[in-house]
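Following: one structure in structure tokens, then a few remarks.
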Amino acid sequence: MDLSEMDPARIEEFQAQDHYLQERCPETLVLTYAIHWPGRQRETARGLRRTPFYHAFKANGAVYTEMQGWERPGWFAPEGVAPVHDYAFGKPSWFNHAQTEQKCARNGVVMIDYSMLGKHMVEGQDAENFLQRVFTNDVSMPDGRVTYSLMLNERGGIEGDVTIARHNKTCFMVMSAISHTRRNRDHLQRAILAGEDVIIRDVTSAYAVLALCGPLSRTVLETLVDISLSDWDFPSYSFQQFYIGHAPVFAQRLSFTGEMGWEIFVTPDFAEYVFEQLYQAGQVCDLRLAGGEALNALRIEKGFVHWGSDMAYTESPHQIGLDFACRPDKNTAFIGKAAYLARKAEAKGPFLCSVKLHQPDAMLHHNEPVLRDGAVVGFVTSGAFSALLGTAIGLCLIAPPAGTSGNKELEKGDFTVLVEGRAIPATVQRKAFVS
Amino acid sequence: MSASFPKQAQVVIIGGGIHGCSVAYHLAKNGWRDVVLLERKKLTSGTTWHAAGLVGQLQGSHATTAFASYGVELLREIEAETGLSPGFRQNGSISIALNQDRLSELKRKADFARLFGVEAAFIETDAIKERWPLMNAEGVLGGIYMPSDGSANPTDLTQALARGARINGAKIFENIKVETVLTSNGIVTGVVTDSGIITSEFVVNCAGMWARDLGQKNGVGVPLHACEHYYLVTEPIAGLPSDLPVLRSYCDGTYWKEDAGKLLFGFAHFHAKAWSKDGIPENFEFDSLPFVEDDVMEVLELAMERVPCLTEVGIRTFFNGPESYSHDGRFTLG
Ligand SMILES: Cc1cc2nc3c(=O)[nH]c(=O)nc-3n(C[C@H](O)[C@H](O)[C@H](O)COP(=O)(O)OP(=O)(O)OC[C@H]3O[C@@H](n4cnc5c(N)ncnc54)[C@H](O)[C@@H]3O)c2cc1C
């Protein structure tokens with residue numbers, strides 16, 4: 001059973017201190033009978049962890065939501081709109097603003113504060129070997145390359161997903177989603193063998209990160225740098241060090257929105273300066289700031305997964321469509337390889353799919369049952385409203401039709417999703433809706 | 001120190017509340033040898049003895065809902081296995097909505113219950129009124145009825161689990177306090193008690209609101225803190241049916257349960273207080289906390305509107321007990 005939501009490793013040190021608990025725990029009691037809104041925010045113990053862009057983004061309308069003590073922009077209130085994050089099972093008051101941010105990311109260019117990204121340096125003579133063993137993907141790539149990878153347990157289940165940037169043979173940066181930073185660090189730390197020369201350093205707050213993404217992102221960045229940003233010189237999944245104006249930065253070319261984009265790392269001292277440079281340069285392209293709400297919808301459109309929602313240590317990569325991140329053929333066998341291969345061969349479900357409703361008035365948040373020909377076969381793992389498709393979309397874990405195995409016949413049947421007692425007709429497909 | 005006090009165990013469970021006894025029962029039943037449970041005072045003397053005993057299966061997540069529906073199964077079977085009745089009454093439950101948003105939430109929860117095969121259906125206000133005649137139906141938009149919910153006696157259930165654990169070979173000791181957990185290179189090796197040391201491969205911290213303090217001694221952060229939590233019990237009400245379903249009115253901040261001819265109703269708090277900020281008193285045992293009228297008035301007024309007979313029948317018990325809550329409303333397990 002997936003108990004990841006209860007994992008003690010979700011708890012950061014500061015969250016187990018008496019003062020924090022004395023503020024937070026009574027609020028938990030108050031909220032037990034309050035409405036469990038999607039995305040409900042805590043009001044106690046807020047404003048604890050702020051990125052170097054906090055004030056700059058706030059001045060531009062950022063409305064903050066919290067994650068592991070971090071304040072991160074949920075959406076941006078245009079001028080004249082109160083920056084109030086209200087809730088609804090349908091459409092909250094800020095719905096249209098977050099939809100606009102989605103459209104800008106797909107058609108223009110947006111900037112997202114990504115500083116909370118968990119960052120661990122893995123260093124030492126044995127760093128490469130260590131990562132080859134712990135991660136499924138191949139990190140013996142050229143220096144300056146980045147890869148998406150999984151770590152598995154001995155049962156072939158997914159213990160976490162990260163991106164890994166190779167600085168050189170003895171130095172890598174491993175990047176985690178905010179909520180799993182501690183979990184992933186613990187996992188890595190435990191995996192170090194006696195005598196292995198590997199040191200793990202948490203550098204999460206040593207770098208601020210801005211994600212510049214959208215089809216016009218290159219046009220904006222080009223005006224500020226001396227290097228070539230062409231596909232040839234700066235391909236996807238690579239990173240380089242360069243200057244933005246006077247500030248030394250390094251950036252990796254990838255984006256959780258699925259658009260062209262760069263994640264720009266800068267030390268906190270230069271952070272606000274870099275923000276100003278990019279923001280000003282972006283004005284000719286109508287650059288907008290975007291928040292977590294828009295990002296969530298954008299990544300679901302692309303079928304990008306979030307550990308803890310769309311998968312956990314119970315699922316094997318073949319169920320989630322993540323075989324591409326597993327390299328059983330590489331020289332070093334990764335942890336869980338045998339179990340992974342066995343599970344892949346067995347091809348048992350449930351499998352992750354994309355789901356889209358046929359009625360624009362129903363919303364998907366999380367956990368809505370998915371029915372095939374009237375029988376429950378799975379549930380929505382993540383949901384959002386897609387500005388591009390004009391309807392609620394989601395990812396869902398569903399079982400193949402009875403008597404079949406593998407995912408070949410997964411899409412067969414008439415699908416509906418239960419939303420507030422109504423069975424809403426839906427499309428379920430293995431491929432993401434936006435490619 | 002009794003002669004049979006062990007020096008060694010496969011697993012030591014700290015805390016003889018419902019959680020500790022349940023862990024002991026399940027481990028022993030699943031073939032663990034040398035299961036030892038240590039309780040500083042008497043079984044249930046912490047927070048378990050005073051729980052209102054509601055058994056609700058509409059939980060927020062997959063894991064908690066799966067736990068809760070397994071709990072119902074266990075409640076049905078434990079008497080046959082141990083000869084002790086947990087006082088389980090499967091009277092069903094009705095959750096009512098006073099506004100559209102709450103109705104949406106309840107309907108979404110009923111959808112979710114489908115994933116677990118737990119029956120949950122929309123019920124019209126008239127039908128609710130029929131099942132719950134004491135309720136003032138004004139403003140009620142309908143609700144969700146769950147026939148397999150109910151209530152149990154937390155003390156009896158804990159004793160049943162303890163007996164089940166013993167039948168399967170677990171040893172349970174009362175009046176033994178664990179002082180510290182022993183570790184070597186970050187790995188648990190045993191516990192130090194006020195009656196000696198027990199070495200063990202595993203230690204399970206089931207110390208409820210004491211769990212944080214216990215964890216701290218080993219540098220383990222347990223995100224739990226006790227808060228004050230109330231329920232009230234009326235004087236006997238003539239003709240109160242004993243098969244009355246549990247009623248939950250989240251918007252009013254109350255749940256209602258028939259309790260030996262009286263109504264027990266409990267509380268959501270619009271403001272809540274952390275308790276024992278300076279530590280839990282050493283002698284705490286079957287204790288309750290002082291009743292503060294101001295802390296209940298707001299909810300009590302709503303309660304009297306929802307169940308108007310309260311203005312006539314008196315209230316016999318104002319109960320305030322500690323219960324620990326986590327920082328994010330989730331369990332901590334693993
Ligand atoms: C007013 C009220 C109403 C409630 N109503 C309900 C309800 O309707 N339904 C429901 O499901 N829940 C209800 N609860 C919650 C329920 O009471 C608790 O969740 C449950 O009792 C917790 O059990 P536990 O075993 O974790 O803790 P406890 O019962 O507190 O057990 C912990 C035990 O550990 C022992 N201990 C601590 N430290 C040590 C040590 N160092 N060495 C040895 N032993 C130690 C303590 O003495 C104690 O007995 C209610 C709570 C309150 C306050």
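Here is the naming used below: chain letters follow the sequence lines, and residue numbers restart at 1 for every chain.
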Point to revise | Side-chain touch B:Trp256/B:Met135, heavy atoms, less than 4.5 angstrom | key: no

Practice item. Go through the atoms of B:Phe116 and report whether side chain, backbone, both or neither lie under 4.5 Å from a heavy atom of chain A. Key: neither

Exercise for review: Please flag which part of B:Ala226 lies under 4.5 Å from any non-hydrogen atom of chain A: side chain, backbone, both or neither.
Suggested key: neither

Exercise for review: Answer with side chain, backbone, both or neither: which region of A:Asp2 has an atom nearer than 4.5 Å to a non-hydrogen atom of chain B?
Suggested key: backbone

Exercise for review: Over all heavy atoms of both residues, which pair between B:Arg330 and A:Arg10 is shortest? Give the atoms and the distance, please.
Suggested key: NH1-CD, 3.5 Å

Review point. Under a 4.5 Å heavy-atom cut-off, does chain A meet the side chain of B:Gln216, its backbone, both or neither?
Key: side chain

Practice item. May I ask you to check whether over 12 heavy atoms, not counting those of B:Leu333, lie within 6.0 Å of atom CG? Key: yes

Review point. Hey, is CZ on A:Arg40 packed in by over 12 heavy atoms from elsewhere, all under 6.0 Å?
Key: yes

Revision key, fill the gap. Those residues at least two apart in sequence (or on a different chain) that pass side chain to side chain contact (heavy atoms under 4.5 Å, CB included) with B:Ser288 are B:Phe319

Check your understanding: Quick one: of A:Val377, A:Val370, A:Asp7, A:Val376, who has the most non-hydrogen atom pairs under 4.5 Å with chain B?
Key -> A:Val376

**Study point:** Leading residue by heavy atom contact count with chain A [cutoff under 4.5 Å; candidates B:Gly221, B:Ser326, B:Gly186, B:Gly60]
**Key:** B:Ser326

Check your understanding: Where on B:Phe122 is there a heavy atom nearer than 4.5 Å to chain A: the side chain, the backbone, both, or neither?
Key -> neither

**Study point:** Heavy-atom contact with chain B under 4.5 Å, split by part of A:Ile11
**Key:** side chain

Practice item. Check whether the side chains of A:Gln41 and A:Thr65 place a donor and an acceptor atom closer than 3.5 Å, and report yes or no. Key: no

Revision key, fill the gap. Checked A:Leu29, A:Val419, A:Leu3 vs chain B; the most non-hydrogen pairs under 4.5 Å come from A:Leu29

Revision key, fill the gap. Okay, A:Ala34 and chain B: the region with an atom under 4.5 Å from a heavy atom over there is backbone

Practice item. Kindly determine whether A:Glu154 and A:Ile335 satisfy side chain to side chain contact (heavy atoms under 4.5 Å, CB included), including the steps that lead there. Key: CA-CA 6 Å; A:Glu154 294 291 356; A:Ile335 295 169; 3.7 Å; yes

Exercise for review: Under 4.5 Å, counting heavy-atom pairs only, tell me which of A:Ala88, A:Ala16, A:Pro8 racks up the most with chain B.
Suggested key: A:Pro8

**Study point:** Most contacts with chain A, counted as non-hydrogen pairs under 4.5 angstrom, among B:Leu103, B:Thr254, B:Leu106
**Key:** B:Thr254

Check your understanding: Do any pairs count as a side chain to side chain donor-acceptor pair (under 3.5 Å) and have a residue in residues 265-276 of chain B, sequence neighbours left out, and if so which ones?
Key -> B:His229-B:His269, B:Lys273-B:Asp295

Practice item. Report, by ascending residue number, the residues of residues 177-187 of chain A in heavy-atom contact with chain B at a distance under 4.5 Å; give 'none' if the set is empty. Key: none

Practice item. May I ask you to name which of A:His366, A:Glu27, A:Glu13, A:His365 has the most heavy-atom pairs under 4.5 Å with chain B? Key: A:His365

Exercise for review: Count the heavy-atom pairs under 4.5 Å between each of B:Lys107, B:His62, B:Arg114 and chain A, then report the option with the highest count.
Suggested key: B:His62

Check your understanding: So, do B:His26 and B:Tyr70 have ring centers that fall under 6.0 Å from each other?
Key -> yes

Practice item. Tell me, with the steps shown, if A:Ile300 and A:His306 meet side chain to side chain contact (heavy atoms under 4.5 Å, CB included). Key: CA-CA 9 Å; A:Ile300 292 173; A:His306 183 252; over 6 Å; no

Check your understanding: Is the centre of the B:Phe112 ring less than 6.0 Å from the centre of the A:Phe379 ring?
Key -> no

**Study point:** Residues A:Asp18, B:Arg212: salt bridge by 4.0 Å N-O rule
**Key:** yes

**Study point:** Top contributor to chain B contacts, counting heavy-atom pairs under 4.5 Å, from A:Met1, A:Glu5, A:Glu23
**Key:** A:Glu5

Review point. Side chain, backbone, both or neither: which part of B:Asp252 has an atom under 4.5 Å from a heavy atom of chain A?
Key: neither

Exercise for review: Measure A:Tyr20 against the heavy atoms of chain B and call it side chain, backbone, both or neither at under 4.5 Å.
Suggested key: side chain

Review point. What residue pairs, at least two apart or across chains, pass salt bridge (Lys or Arg N to Asp or Glu O under 4.0 Å) with a residue in residues 353-375 of chain A?
Key: A:Asp361-A:Arg422, A:Glu368-B:Arg108

Practice item. Give a yes or no on whether the ring-centroid distance for B:Tyr325 and B:His327 is below 6.0 angstrom. Key: no

